[in-house]
Amino acid sequence: QHMKIAFIGLGNMGGPMALNLHKAGHDVGAFDLSRPACDRLAADGVRIATDAGACVEGAEVVISMLPASPHVEALFLGSGQQAGLLPQLPAGTLVIDCSTIAAATSRKVADAARERGIAFIDAPVSGGTGGAIAGTLTFMVGGDAADLERARPVLEKMGANIFHAGGVGAGQTAKICNNMLLGILMAGTSEALALGVANGLDPAVLSEIMRRSSGGNWALEKYNPWPGVMPQAPASKDYAGGFGTDLMLKDLGLAQENATAVKAATPLGGLARSLYAAHSLAGHGGLDFSSILRLVRKSGA
Ligand code: NAD
């Protein structure tokens, strides 16, 4: 059945996700602090609220898709002068946070929600902006099974795979494991391509060889870092849009914090974090993360 849904955070991912819920016939009210982000969705017929408080009025389901932990904590629990949303939500509301944040923050917000009879699940996603647009995202859910079942019809309109990873926060843990691997694979793929091109190989031919060989991975399948190899990839659009270097850096930082807490060995994850940090400090934090290629690409290649 059609539900009244509030969607907060209309960036590279949240915008197309909210649009898919709207297209599926749900009554979607949306909000973002960025005017251009709101305008894009308004042009597609989605109702835009004046602020987050107005956005959640009367909503049965509240979805957030924000950059990082502090944004999610401030939105729901408040910060400084700004009141959080939780006290405004009636008991029985279902909150679905799709942002990639610290598992500890998910649990903090979930605990505060539970005290008010509000259900909370963490449901970070994978699949990139292409997956968000196509509605084929993978959701990694942490929370009660019953809450996931309530969320499922909504998640199914945005994604193709829905996994229950465990209790609240478990979705986040699965997500940072995945993104640590993705960060390593993108850096490694860039390095291999740069090596081949330095030897005179055509990056498109080498990409196809490796894609069909034992080095094949998601970067080569869907997100090639070499400009021009895949017309739809951010690399072919001057690394605009996509998944920001600073967001990848955040995820690699979360993975290292987690590894420290549980005394896990993550040497390649640690090295990958340092590479993306150097890339960000060089001024590329706002570019798609596949621009890590620039760190290893020979000038003129
Ligand atoms: P983005 O920076 O494009 O969008 C975030 C949006 O949140 C911005 O438009 C910003 O204005 C808005 N925002 C911030 N604080 C707000 C607030 N208090 N109220 C309303 N709006 C607010 O980021 P994105 O690429 O859409 O990523 C969102 C989350 O999803 C991040 O946690 C990221 O790590 C994760 N993620 C991204 C990708 C990707 O490919 N881009 C893939 C999987 C997961």
Side-chain angles (χ1 to χ4, degrees), residues 6-19 29-41 48-56 62-86 96-103 105-106 109 122-134 136-140 158-159 161 171-172 174-183 186 218-219 222-223 232-235 237 239-255 276 285-291:
F7 203 113
I8 299 173
L10 311 172
N12 290 330
M13 296 295 286
M17 290 166 72
L19 184 58
F31 176 69
D32 193 295
L33 291 175
S34 146
R35 194 66 241 174
C38 290
D39 290 347
R40 271 192 295 279
L41 270 207
I48 301 296
T50 49
D51 58 32
C55 187
V56 301
V62 175
I63 304 178
S64 48
M65 190 47 158
L66 304 179
S69 305
H71 306 87
V72 174
E73 190 168 335
L75 180 71
F76 291 108
L77 305 183
S79 85
Q81 304 286 58
Q82 196 208 325
L85 283 182
L86 282 189
I96 305 173
D97 178 41
C98 296
S99 329
T100 303
I101 63 171
T105 304
S106 300
V109 177
D122 51 304
V125 305
S126 180
T129 48
I133 293 165
T136 57
L137 293 169
T138 294
F139 283 94
M140 312 172 197
M158 303 182 283
N161 303 294
Q172 299 297 350
K175 172 67 183 170
I176 58 161
C177 292
N178 179 76
N179 272 29
M180 183 179 79
L181 180 57
L182 171 64
M186 187 60 80
W218 186 83
K222 300 208 162 131
Y223 218 92
Q232 289 315 310
K237 301 169 186 167
Y239 300 104
F243 179 44
T245 294
D246 281 343
L247 289 177
M248 174 52 90
L249 182 56
K250 161 194 61 113
D251 292 357
L252 290 167
L254 289 171
Y276 289 93
L287 297 182
D288 178 76
F289 81 114
S290 65
S291 62

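Counting convention: from 1, in listed order, for ligands and their atoms alike.
Using a 4.5 Å cut-off on side-chain heavy atoms (C-beta onward), M140 and Q172 make no contact. Within the 4.5 Å cutoff, the side chain of F243 has heavy atoms near those of the D251 side chain. The shortest side-chain heavy-atom distance between L254 and K175 does not fall under the 4.5 Å cut-off. Inter-residue side-chain proximity for L75 and I8 is flagged as met; some heavy-atom pair is nearer than 4.5 Å. Considering only heavy atoms from C-beta on, V125 stays 4.5 Å or farther from M158 through its side chain. At a threshold of 4.5 Å between non-hydrogen side-chain atoms, the residues T129 and P16 do not count as touching. A heavy-atom distance below 4.5 Å is not found between the side chains of L247 and T100. Under the 4.5 Å side-chain criterion, counting only non-hydrogen atoms from C-beta, V62 is in contact with F76.
Nearest to atom 19 (N) of ligand 1 by heavy-atom distance, out of L33, T138, L10, is L33. For atom 11 (O) of ligand 1, the candidate residues are L75, T100, D32; the nearest heavy-atom contact is made by D32. Checking N178, V125, I176 against atom 43 (C) of ligand 1, the nearest heavy atom belongs to V125.
Taking distance alone, with nitrogen or oxygen atoms compared against 3.5 Å, L247 stays at or beyond that limit from ligand 1. Looking at ligand 1, you won't find any N or O of A68 less than 3.5 Å from one of its N or O atoms. Considering backbone and side-chain N/O of K250, one or more are found under 3.5 Å from N/O of ligand 1. Annotation: L66 places an N or O atom under 3.5 Å from an N or O atom of ligand 1; distance criterion only.
Atom CG of L182 and atom OG of S126 lie 7.0 Å apart (nearest 0.5 Å). To the nearest 0.5 Å, atoms CD1 (I48) and CG (L10) are separated by 5.5 Å.
Less than 4.0 angstrom separates atom 2 (O) of ligand 1 from none of the non-hydrogen atoms of the protein.
Looking from atom 4 (O) of ligand 1 to the surrounding protein, the closest heavy atom is G11 CA, 3.2 Å. Scanning all protein heavy atoms for the shortest distance to atom 40 (O) of ligand 1 gives F243 CB, 3.3 Å. In terms of protein heavy atoms, atom 14 (C) of ligand 1 is closest to P67 CD, 3.7 Å. Among protein heavy atoms, the minimum distance from atom 30 (O) of ligand 1 is reached at M65 CE, 3.1 Å. In terms of protein heavy-atom proximity, atom 41 (N) of ligand 1 is closest to G242 O, 3.0 Å.
The shortest separation from a heavy atom of S126 to ligand 1 is not under 4.0 Å, leaving the residue out of contact. Residue M248 places every heavy atom at 4.0 Å or more from ligand 1. The shortest separation from a heavy atom of A52 to ligand 1 is not under 4.0 Å, leaving the residue out of contact.
Under a 4.0 Å criterion applied to the non-hydrogen atoms of S34, ligand 1 contributes the atoms 11 (O). Distances below 4.0 Å separate heavy atoms of I8 from the following atoms of ligand 1: 19 (N), 20 (C). The atoms of ligand 1 that sit less than 4.0 Å from any heavy atom of K175 are 43 (C), 44 (C).
Of all the heavy atoms of M13, the ones lying under 4.0 Å from any atom of ligand 1 are found in both the backbone and the side chain. Neither the backbone nor the side chain of I101 has any atom closer than 4.0 Å to an atom of ligand 1 (non-hydrogen atoms only).
Heavy atoms of other residues, nucleotides or ligands lying less than 6.0 angstrom from NZ of K237 number more than 12.
The nearest pair of heavy atoms linking G241 to D288 is O-CB, 3.7 Å.
Judged by distance alone, the side chain of Y276 and the main-chain N or O of G183 form a donor-acceptor pair under 3.5 Å.
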